[in-house]
Amino acid sequence: MGFQQGLSGLSASSKSLDAIGNNIANSSTVGFKQSRSEFADMYANSFASSSTISGMGGRTVAVTQQFGQGNITSTNNPLDIAITGNGYFRMVDGEAVSYTRNGQFQVDKEGFIVGNTGQKLTGWPFDLNANALQKGGTPTPLQLANGNIGAKTTGWTEVAGGGVSAGLQFGMNLDASQLTKDRTNPLAANYVGALNPADVKTFTNSTSAQVYDSQGVAHTLTMYFTKTAPNTWEVRTRFDSDPVSPPNDPVTNLPYPNVTFDSNGKLVDNTPLSFSTTLTSGATTPFAFHVGLEGTTQYGSPFGVNTIKQDGYPDGVLTGVAVDREGVILGKYSNGQNRAIGQVTLTNFTNSQGLQNLGDNRWGETFASGQPRTNDPGTSDLGSLQSASVEDANVDLTGELVNLITAQRTYQANAQTIKAQDTILQTIVNLR
């Protein structure tokens, strides 16, 4: 009788409807991968013979997930991360390890980056100097430090060859058309006497910049430039408003060596100037750093400051984060500093179809999947990351609705074969 074929068809169609319904139900689930029912026919063979006697219907061989790329949608959360290409986020919950494509992350009360079901995102943590720790080993949970990052004093850095890079760097133009000033000759038409910070007639130009001591306290260093001869400028500094402490104070002491320019307006000697003063506030003393003028020119255009850079900063706290394509988490701090905190890793498998579906949009490693391969995003066969974005489900809703109609018709057709067999059986029973 044909009941077996019809019943097997109903069973297969029912499982197909289950898969389609699950796809539709998760069409808005971030990182979801749609499933597909796969079928095979069944035949009965005669004993000790390979000849086919009769088809026995069909069966569901497997319901496999399709790991194709989903669309990328932008969000307002910088910790939302979308994977473009292959790979999975590696998550831990205690000793349990799972993998997901759902990049909806947030920070828990301890500063760990977690998914929406509580598992912790893993990667390579960085130290305070933005150097990766344990890179290449087992990824560990990534944690954002909520404390202060501390201050850094303005200083200088030794470079190859015994030179230094300036802790405070000015780039400016000194106006070549300015008249010279003579501090020593009382008969000169422009005799101006000692430099007086309160009298703009006693210097040609000035500019200021903030520097920071070892406790992150801001101080103001003012530079005074006085043209004393063609292509020659006297440079003096003033620290805060103190008229005494710096040995090169503009009021009471000698200036720095003269700054000179060649006939083309280029700086002749760009060796940084050495500044040092005594602090009584409790911060590290003497407070010493180099002041650079590299890039400063002397042209006929008005005086102007193009750049001011210095390597110190006050204390700061974390105010925001961003994640780049390689997974590096960049912390943004209240003192204007940016610092790499860690790096998100991605994991891939030889056979993603062999992963065990754990629910909650997570998969687990199995013997069939092969061992996990973890590395930086963008390397090997791993995809790249996109911050403030999520990967939508890869469900084609229109296609699934068409598949739903087809599966429904298939179910109805199999039900009709059972009905037909029932009619035939009833006819046989009614024979008298």
Side-chain angles (χ1 to χ4, degrees), residues 18-36 63-93 96-108 112-123 139 141-142 321-327 329 343-366 369-370 372-378 380-400:
D18 289 342
I20 295 170
N22 188 57
N23 291 341
I24 294 174
N26 286 283
S27 60
S28 297
T29 301
V30 170
F32 176 78
K33 299 303 176 184
Q34 66 177 348
S35 299
R36 179 181 71 187
V63 178
T64 60
Q65 288 196 297
Q66 309 303 301
F67 289 90
Q69 179 72 46
N71 294 327
I72 304 298
T73 299
S74 298
T75 70
N76 294 321
N77 179 13
L79 281 180
D80 284 343
I81 308 173
I83 301 174
T84 302
N86 298 322
Y88 306 84
F89 298 111
R90 182 181 182 274
M91 312 296 292
V92 295
D93 185 4
V97 179
S98 60
Y99 305 90
T100 184
R101 294 278 296 197
N102 186 345
Q104 293 175 305
F105 298 118
Q106 54 191 318
V107 180
D108 68 10
F112 288 102
I113 301 176
V114 297
N116 53 19
T117 53
Q119 290 81 22
K120 297 176 181 177
L121 176 65
T122 64
L142 293 172
V321 295
V323 183
D324 68 14
R325 292 176 59 84
E326 287 73 40
I329 303 172
Q343 184 175 18
V344 179
T345 58
L346 290 182
T347 301
N348 204 6
F349 298 85
T350 303
N351 176 26
S352 291
Q353 297 286 357
L355 293 172
Q356 179 185 4
N357 199 324
L358 303 177
D360 289 333
N361 239 5
R362 296 181 296 120
W363 293 274
E365 174 191 353
T366 68
S369 69
R373 294 178 283 108
T374 301
N375 214 326
D376 299 344
S380 185
D381 60 344
L382 298 174
S384 59
L385 303 183
Q386 185 171 333
S387 180
S389 302
V390 293
E391 180 191 9
D392 297 335
N394 65 349
V395 176
D396 178 1
L397 194 56
T398 301
E400 291 301 317

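Quick note: residue numbers are just sequence positions, from 1.
Heavy atoms only, all atoms of each residue included: L382 and G87 are closest at CD2-CA, 4.2 Å. Contact record, S35 with V63: CB-CG1, 3.8 Å, taken as the closest heavy-atom pair. Closest approach of N23 and Q34 over heavy atoms only: OD1-CA, 3.4 Å. In terms of heavy atoms, F89 sits closest to I81 at CZ-O, 3.6 Å. Counting all heavy atoms, side chain and backbone alike, A393 lies closest to N26 at CB-O, 3.5 Å. F105 approaches N77 most closely through the heavy-atom pair O-ND2, 3.0 Å.
A donor-acceptor distance shorter than 3.5 angstrom exists from the side chain of K33 to the backbone of G68, with no hydrogens or angles considered. Judged purely by atom type and a 3.5 angstrom limit, D93 has no side-chain atom pairing as donor or acceptor with the backbone of G118. Remark: the backbone N or O of V114 is not paired with any side-chain donor or acceptor of Q106 at under 3.5 angstrom. In this structure, the side chain of Q356 does not engage the main chain of T366 through any donor-acceptor pair within 3.5 Å. Side chain of Q353 to main chain of Q65: a donor-acceptor pair is present (N/O by atom type, distance under 3.5 Å, no hydrogens or angles).
Distance CG/D396 to CD/Q66: 13.0 Å, rounded to 0.5 Å. To the nearest 0.5 Å, the span separating CD1 on I24 from CD on E400 amounts to 6.0 Å. The CD1 atom of I83 sits 9.5 Å away from atom CG of N102, with the distance rounded to the nearest 0.5 Å. With rounding to the nearest 0.5 angstrom, the OG1 atom of T122 is 6.5 Å from the CG atom of L142. Going from atom CD of Q104 over to atom CG of N361 covers 9.0 Å, rounded to the nearest 0.5 Å. Between the OG atom of S27 and the CG atom of L397 there is a distance of 5.0 Å, given to the nearest 0.5 Å.
Remark: P377 engages Q343, L346, L385 in a side-chain contact (heavy atoms from CB on, under 4.5 Å) (not counting sequence neighbours). Every residue meeting the side-chain contact (heavy atoms from CB on, under 4.5 Å) condition with D360, not counting sequence neighbours, appears here in chain and number order: T117, R362. Residues that satisfy the salt bridge (Lys or Arg N to Asp or Glu O under 4.0 Å) test with D80, not counting sequence neighbours, are absent from this structure. Residues passing the side-chain hydrogen bond (donor to acceptor under 3.5 Å, both in side chains) test with N348, sequence neighbours excluded: D381. Remark: S389 pairs with I72, S74, A82, Q386 by the side-chain contact (heavy atoms from CB on, under 4.5 Å) rule, at least two apart or across chains. The side-chain contact (heavy atoms from CB on, under 4.5 Å) search around V97 returns R90, V92, Y99, not counting sequence neighbours.
By the 6.0 Å contact criterion, CZ on R325 is open, its count of non-hydrogen atoms from other residues, nucleotides or ligands being 12 or less.
Put simply, the side chain of V321 reaches to within 4.5 Å of the side chain of L79, judged on heavy atoms. Within the 4.5 Å cutoff, side-chain heavy atoms of Y88 are placed close to those of S352.
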Check the pair I329, I113 against side-chain contact (heavy atoms from CB on, under 4.5 Å), reporting the backbone distance first and the verdict last. CA-CA 11 Å; I329 303 172; I113 301 176; 3.6 Å; yes

Under the side-chain contact (heavy atoms from CB on, under 4.5 Å) criterion, do M91 and L121 qualify, and how do the steps go? CA-CA 5 Å; M91 312 296 292; L121 176 65; 3.9 Å; yes

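Test F32, F67, F349 against W363 for ring pair (Phe, Tyr, Trp, His ring centres under 6.0 Å) and you get one pass: F67.
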